[in-house]
Amino acid sequence: MAEIHGAFARKTSGVVRDVSLRDAFIFGISLAIPFAANFFLFPLYEFLLPGADWTTAVIIGFALSFAAYALYASFGSMMPRSGGDYVFQSRGVHPILSFLSVISLDVFLQAPVFLVILMLSSAELGFSPFLTMAGAATGNTWLISAGTWAGSPWGLFTIAVIFVLLALAANVAGLKWVGRSQRYILFPIIIISGVVITALLFSSTPSSFETNFNNYGLILNGTANTYGNLINAATSAGFTAPAFSWLHTIYLAIIIATSFLFWTVWTAPFFGEIKGANNFRNLFLTFVAGGAFQAFFLMIPELAGFQHGLGSSFLSAAAFQGITFTPTLSFYPSFGILTLMTTNNVIVMFLASVGFMVAGYFMAQLFLTNMSRYLLAGSIDGALPLSLSSPSRRFKTPLTALVLSSIVVLVWAAIVDFTPTQIAFWTDVAVWTGPVIFFGTSLSGILFQWTNPSIYKNSLIAKYKGLLLIASLIVFALVMFVFVGYVIIPELEVSLGYNGLGIIFGVALAGLLWYFGFKWYQKKRGIDIGLAYKEIPPE
Amino acid sequence: MSLERSPVKIPAEQLLAESISIVEAAKEKDVILRIMGGLAIYAHSAESEECKKLQLSLGRLGENKPPFTDLDLIGYNKQWKQIRDILEKGCGLKPDRMVNALFGDRRLVYFHPKSRFPIDVFFETLEFSHILRFGDYPGHARLQLDYPTLTLADLVLEKLQIHQINRKDLIDLMVLFLGHDVAQGAQPNAVDAKYIAAVLADDWGFWYDATNNLSHLMNLGPSLVQGNKLSPEQWETIGRKVNALTSAIEAEQKTPDWKIRAALGTSKPWYREVDDL
């Protein structure tokens, strides 16, 4: 028999939320996109950080990520409100910081550019390799052409438009449907693809791969002994097989942590819609589980299998080729295409590729959710137009915010997809602006107990003395390492040039102009948004 | 703009008058809105001096006590736009923008412009520990069976669906049973036990919590009598009606779904977790 709880236990009419912490775990791992992690790690970091051990780097990166998990679980338990980082930074530091880092740089630059690159990687790791390899395995030239088209600017843009429109429809229908699609479609597909890829890579040996690579090279490249040619070309271009390097392993660990394993916390923008997101322990464990799943089920087995099945020296040479574009291969030696070369079975190829294919769509779905929640929170605070937080009369969801987010993504898709020679440049822009949001939130975590003592002291986090401060300091230090590292560490140098810096500072400046302009406009209408930040309770 | 939820600070009579004026404003535009929750029970019992006295003696009402946490209303989804217009433009209520944007498909939250107490508007279904459905067809479903509140049977079900029921809810039920008969069918000013039994006969989890809550009520009564907060005669009346309802629930033929779920019992969660907004 249920126990009778104290009188007036229920303070208000509550709500049963559709999204659970289990869904948050799935959201987290899908946003962290292990497939994209592999895409980014190989061949770029194989080339930039020769001698780094991926398995060790993932384990160290996972350990470092605990600080981010504790930071976001702390904020979640103190302010379980949709708007996530925007709310944390505006209440912990200053509204200008949150507007600059979350609305300007994230919603209008980093998130859409990164999403476009993720959708592009979905096409280049999923659609394009599968169609190309299926065509090569079956001798169907139409499929090979379709594979080439899927990797072309029009192919990439078409896939992006389809993904964004589907993701918009799912979000307009409501988070319940977004959650269900993640739970019943994405997660099983990730599991299937992860298992198939790992099995494929571990069943391969460097010698069997050499045979397969030469066979496929004959079809795709039109040359015999492609394997030997690649090694010889790389060697004559200055490539030498690298020795193990601790320094490069640690660099790689920090990049893996801040770029991928941290991201399991990116359900923060819709904490207000997650059941039990105000429970520190459960939220922290959800993030840890997401990070562990990604590290130990997806990244380590796949990356270790990649080294086992293809051979480290071949991979280093292929990375050298991929990055330096030494003209030996007519195809880009991506993780996806090299993995599929370990088999001749088209069904197995499909199962290995389908995870990459759907991952791009699910990224679109989740990025639109996040971007719209940031816009909604900004609108509720009065820093953005009211329409962005008004529910649609027909769909009863924040339609205007979702449509604006979709338009921003599609504009960037057109810019990025139709400038194929500039993709590395756009990736650098996204990589540079990516940690800005962690910078702002970790700064807020450092200052929060002094800037907002009433919320801090009344929260359960205050019980764990120093936890928020220590976790924030670690995240802050890692982010600063990445920023400084991009500039001063030659191996990590992400050269933005004046164009890249101009774009970042231009978007930031536009954000500042909007903030002060809109503040002035609101004041003319009798609304002091500065006061609104102080008056509005965090939840 | 998001505002803090503060309890109702105006007297119960004034709150009821405000609520009825909102329901009246909707009615003028052919829109169906009904009062639910504790205020609806208060409305049904307002004319009974005995019920009023009981509410005072049990501490449910009284000076310096917030009588209600909020005002709960319910309408039909098909009239969502009209309800929103009536509340925002007609009645001048202030929307909770965050809640309305994120949960607007099932709930709209407003604040009274002067007293700042919250007004929750539900649509067709109450989704808390268990689900209560009121139909989706304006004019032909359950909401228009009574006015200006939900029917007594629906008010009883609204309380019985609570998994973690509290003293305030049990007192509301006592007041309701003291002032109204339990009938085996739809009758004016009576609790339709047959309808309640039929709803519970199709949902084992709901049935389990509802029957537990009725047991809690039966356990609470004697202690209130002992503390002189409830007279033995009043308790006899309440107990008799609760027993009549319990008998009707027991007698009702259970559906196959109920029986299948009953076999699993409490080994699997039988209720939904309700969070604060």
Side-chain angles (χ1 to χ4, degrees), chain A residues 1-18 20 80-83 87 173-176 270 272-279 372-373 375-377 379-382 386 388-402 527 529 532 535-539, chain B residues 1-5 7 36-37 59 66 69-72 77 80-81 84-85 95-109 118 120 122-123 126-129 131 162-171 208-209 211-213 215-216 219-220 266 271-277:
Chain A
M1 194 173 280
E3 178 195 348
I4 302 179
H5 290 251
F8 303 96
R10 287 179 309 112
K11 288 178 189 151
T12 60
S13 300
V15 68
V16 175
R17 290 173 163 83
D18 294 318
S20 66
R81 185 181 173 187
S82 289
V87 177
L175 209 55
K176 179 160 65 175
F270 51 98
E273 294 151 88
I274 299 173
K275 203 183 293 177
N278 57 348
N279 183 313
S372 65
R373 270 37 177 193
L375 291 172
L376 189 141
S379 164
I380 285 168
D381 278 351
L386 211 60
L388 291 170
S389 57
S390 295
S392 144
R393 285 176 163 257
R394 181 162 180 195
F395 301 105
K396 306 174 183 79
T397 41
L399 181 68
T400 313
L402 285 163
I527 301 167
I529 67 170
E535 278 189 347
I536 297 170
E539 55 171 304
Chain B
M1 190 175 289
S2 183
L3 299 166
E4 196 164 13
R5 295 176 76 95
M36 48 186 264
T69 50
D70 51 18
L71 163 60
D72 295 327
N77 219 348
W80 190 89
K81 291 177 200 171
R84 206 178 137 199
D85 285 345
D96 183 325
R97 304 195 68 82
M98 181 69 88
V99 174
N100 293 359
L102 299 176
F103 300 103
D105 58 333
R106 74 200 77 163
R107 173 91 68 96
L108 292 174
V109 174
D120 288 356
F122 297 84
F123 292 91
L126 280 189
E127 296 184 27
F128 289 120
S129 303
I131 296 175
I162 301 168
H163 174 66
Q164 293 188 336
I165 199 161
N166 64 34
R167 190 171 182 272
K168 181 185 72 164
D169 297 313
L170 292 174
I171 289 169
Y208 181 79
D209 275 340
T211 51
N212 268 344
N213 288 339
S215 299
H216 289 319
N219 292 336
L220 181 64
T266 53
Y271 61 92
R272 292 140 47 96
E273 293 287 352
V274 182
D275 292 338
D276 279 344
L277 259 177

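To find a chain, count down the sequence lines: A is the first, B the second, and so on, and within it residues start at 1. We use all heavy atoms of the structure for the numbers below, so side chains are in, but hydrogens, waters and symmetry mates are not.
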Applying side chain to side chain contact (heavy atoms under 4.5 Å, CB included), run through A/S389 and B/M98 and close with a yes or a no.
CA-CA 7 Å; A/S389 57; B/M98 181 69 88; over 6 Å; no
Name the option with the most non-hydrogen atom pairs under 4.5 Å to chain A; the candidates are B/A101, B/G104, B/S129.
B/A101
Mind checking the CG-CD1 spacing from B/N100 to A/I380? Nearest 0.5 Å is all I need.
9.0 Å
How long is the gap from CG on B/L102 to CG on A/L376, to the nearest 0.5 Å?
5.5 Å
Just so I know, are the side chains of A/P391 and B/W80 near enough to count as touching, which here means a heavy-atom distance under 4.5 Å?
yes
Can you check whether A/R17 reaches B/E273 side chain to side chain, under 4.5 Å on heavy atoms?
no
Between B/R84 and A/S390, the two heavy atoms sitting closest are NH2-CB, 4.4 Å
Is any residue of residues 394-402 of chain A within less than 4.5 Å of chain B by heavy atoms, and which ones?
A/K396, A/T397, A/P398
Please look at A/S20 and chain B and tell me whether the side chain, the backbone, both or neither of the residue comes under 4.5 angstrom of a heavy atom of that chain.
neither
With distance as the sole test, does B/R97 use its side chain to make a donor-acceptor pair with the main-chain N or O of A/S379 at under 3.5 Å?
no
